[in-house]
Amino acid sequence: MTLPVRRALVASPTAQAQAAAADLLQSADWVDFDEADYVIALGGDGFMLQTLHRMLERRRGAVPVFGMNLGTVGFLMNEWRGYGLEDRLARAKPFRVTPLKMTATGIDGRVHTLPAINEVSLLRETRQTAKLEVMVNERIVLPELACDGILAATPAGSTAYNFSAQGPILPLGSALIALTPISPFRPRRWRGAILPDKARISIKVLDPGKRPVSAVADQREVRDVAQVDICMDRSRELTLMFDPEHALDDRITMEQFVS
């Protein structure tokens, strides 16, 4: 006997998403987020990130998410259609997304551990240029990077802030991390690195009292950090579902040809 799939519906607070959710709620039976085997998310990319972070904290573990775009960009979403959902779910293609783990140690000694699905970024807090020491696998690769900041991006996040900072687009499933400087001043010719996703990245803030730096894991910020350690967290893998004709790996590939 096949048990029915329990689905939850979540929507961003915008009027458009809420109206669409009201229509879908009439078309099927839904369960609470924590009880679902599948989640339908209505909104934009920002809301999808919120949903995925909520998924990481879900007491029964992560389940697949099928998003429909009722926001602005919708890179992580499928096209919104209020009909044919059952057929779309049956045909949907899964993509695994592995988040980064950010361990940020403050100048006060407090340690903050946060997940990042798109990127971990370090940013100067004042007009003073940040000065950072960059280590990869416990080896110092940049003794001093003078910049506005630096970020480490996953393949799923490589088309977001990373791309805006002139970082590379990484194919989904490439097992890579993009390490990209933000407005580097010295060394001037360093434009970043592409690292295997097994790499352990450590960034030490030089003179954090005079040149304070904050660390941001997607949308969650820790201010006045002394050191940030970054690695992939394979114990917290997530699954996004896409229409086969509009899959995430194809979108990421085609972003490299957008003028």
Side-chain angles (χ1 to χ4, degrees), residues 12 41 43-54 56 67 69 71-77 95 97-104 112-126 129-130 132 134 136 142 145-185 190-195 197 199 201-203 205 212-223 225 228-233 236 238 240 248-249 251-259:
S12 77
D45 285 341
F47 182 72
M48 174 59 86
L49 278 179
Q50 293 175 25
T51 302
L52 292 176
H53 277 280
R54 185 180 173 189
L56 289 172
N69 185 29
T72 305
V73 179
F75 192 81
L76 297 174
M77 315 296 277
F95 287 90
V97 176
T98 305
L100 296 166
K101 179 171 73 172
M102 178 186 85
T103 304
H112 308 262
T113 301
L114 295 170
I117 295 157
N118 272 1
E119 76 276 320
V120 171
S121 54
L122 281 76
L123 305 165
R124 64 185 176 100
E125 294 180 9
T126 68
T129 299
L132 309 172
V134 181
V136 176
L142 287 174
L145 172 65
C147 56
D148 281 357
I150 190 172
L151 64 86
T154 66
S158 66
T159 59
Y161 190 8
N162 170 72
F163 189 47
S164 297
Q166 309 301 313
I169 293 177
L170 303 177
L172 202 68
S174 61
L176 297 172
I177 297 174
L179 187 63
T180 303
I182 302 168
S183 301
F185 174 71
W190 189 67
R191 290 295 178 263
I194 298 175
L195 304 173
D197 68 0
I201 303 165
S202 296
I203 301 168
V205 180
V213 169
S214 65
V216 183
D218 287 342
Q219 301 158 339
R220 300 173 67 182
E221 181 183 32
V222 179
R223 295 184 68 83
V225 297
V228 175
D229 299 303
I230 305 164
C231 65
M232 282 286 189
D233 188 355
R236 309 185 76 184
L238 297 162
L240 293 175
L248 184 59
D249 55 347
R251 294 194 208 183
I252 290 176
T253 297
M254 294 311 297
E255 276 293 306
Q256 299 176 81
F257 301 96
V258 175
S259 59

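Owing to the predicted nature of the structure, the values given are computational and were not obtained by experimental measurement.
- Of all heavy-atom pairs between Asn162 and Ala153, the closest is CB-CB, 3.6 Å.
- Contact between Arg124 and Thr129 at its shortest, heavy atoms only, is CD-CA, 4.2 Å.
- Taking the salt bridge (charged side-chain N to carboxylate O under 4.0 Å, His left out) definition, one finds that Arg220 meets it with Glu57, sequence neighbours left out.
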Practice problem: Tell me, with the steps shown, if Arg223 and Glu125 meet side-chain contact (heavy atoms from CB on, under 4.5 Å). | Solution: CA-CA 8 Å; Arg223 295 184 68 83; Glu125 294 180 9; 3.3 Å; yes
**OP:** Show the numbers, then the answer: is there a side-chain contact (heavy atoms from CB on, under 4.5 Å) between Trp190 and Leu142?
**Re:** CA-CA 10 Å; Trp190 189 67; Leu142 287 174; 3.7 Å; yes
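- Separation of atoms CG (Leu145) and CD1 (Ile203) is listed at 8.5 Å; rounding is to 0.5 Å.
- The CG atom of Leu76 sits 13.0 Å away from the CZ atom of Phe47 when rounded to the nearest 0.5 Å.
- Note that CG of Leu172 is 6.5 Å distant from CZ of Phe95, once rounded to the nearest 0.5 Å.
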- [ ] Dump the intermediate steps for side-chain hydrogen bond (donor to acceptor under 3.5 Å, both in side chains) on Ser214 and Glu221, then the final yes or no.
- [x] CA-CA 7 Å; Ser214 65; Glu221 181 183 32; 3.1 Å; yes
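- Looking at Pro115 and His53, their side chains come closer than 4.5 Å, going by heavy atoms from C-beta outward.
- With Asp148 contributing its side chain and Ser183 its backbone, the two residues share no donor-acceptor pair below 3.5 Å.
- A distance of 9.0 Å separates CE in Met232 from CD1 in Ile201, rounded to the nearest 0.5 Å.
- Between Ile150 and Leu179 there is a side-chain heavy-atom pair separated by less than 4.5 Å.
- Applying the salt bridge (charged side-chain N to carboxylate O under 4.0 Å, His left out) rule to Asp197 yields the partners Arg234; only residues at least two apart in sequence or on another chain are considered.
- Interatomic distance, Leu49 CG to Gln219 CD, rounded to the nearest 0.5 Å: 5.5 Å.
- Between Glu119 and Thr154, every side-chain heavy-atom pair lies at or beyond the 4.5 Å cut-off.
- Considering every non-hydrogen atom in both Ala215 and Met102, the closest pair reads CB-SD, 3.8 Å.
- In this structure, the side chains of Leu122 and Cys147 stay at 4.5 Å or more apart for every pair of heavy atoms.
- To the nearest 0.5 Å, the span separating CG on Asp45 from CG on Asn69 amounts to 7.0 Å.
- For the pair Val228 and Ser202, the minimum side-chain heavy-atom distance is 4.5 Å or more.
- Contact record, Leu170 with Ala178: CD1-N, 3.5 Å, taken as the closest heavy-atom pair.
- Looking at Leu100 and Asp233, their side chains never come closer than 4.5 Å, going by heavy atoms from C-beta outward.
- For the pair Val136/Leu195, a side-chain contact is recorded, criterion being any heavy-atom separation below 4.5 Å from C-beta on.
- Ser12 places none of its side-chain heavy atoms less than 4.5 Å from the side chain of Gln50.
- In this view, Arg236 satisfies the salt bridge (charged side-chain N to carboxylate O under 4.0 Å, His left out) rule with no residue, not counting sequence neighbours.
- When all heavy atoms of Ala116 and Val120 are compared, the closest pair comes out as CB-CG2, 3.7 Å.
- Smallest separation of non-hydrogen atoms from Pro155 and Ser158: O-OG, 2.9 Å.
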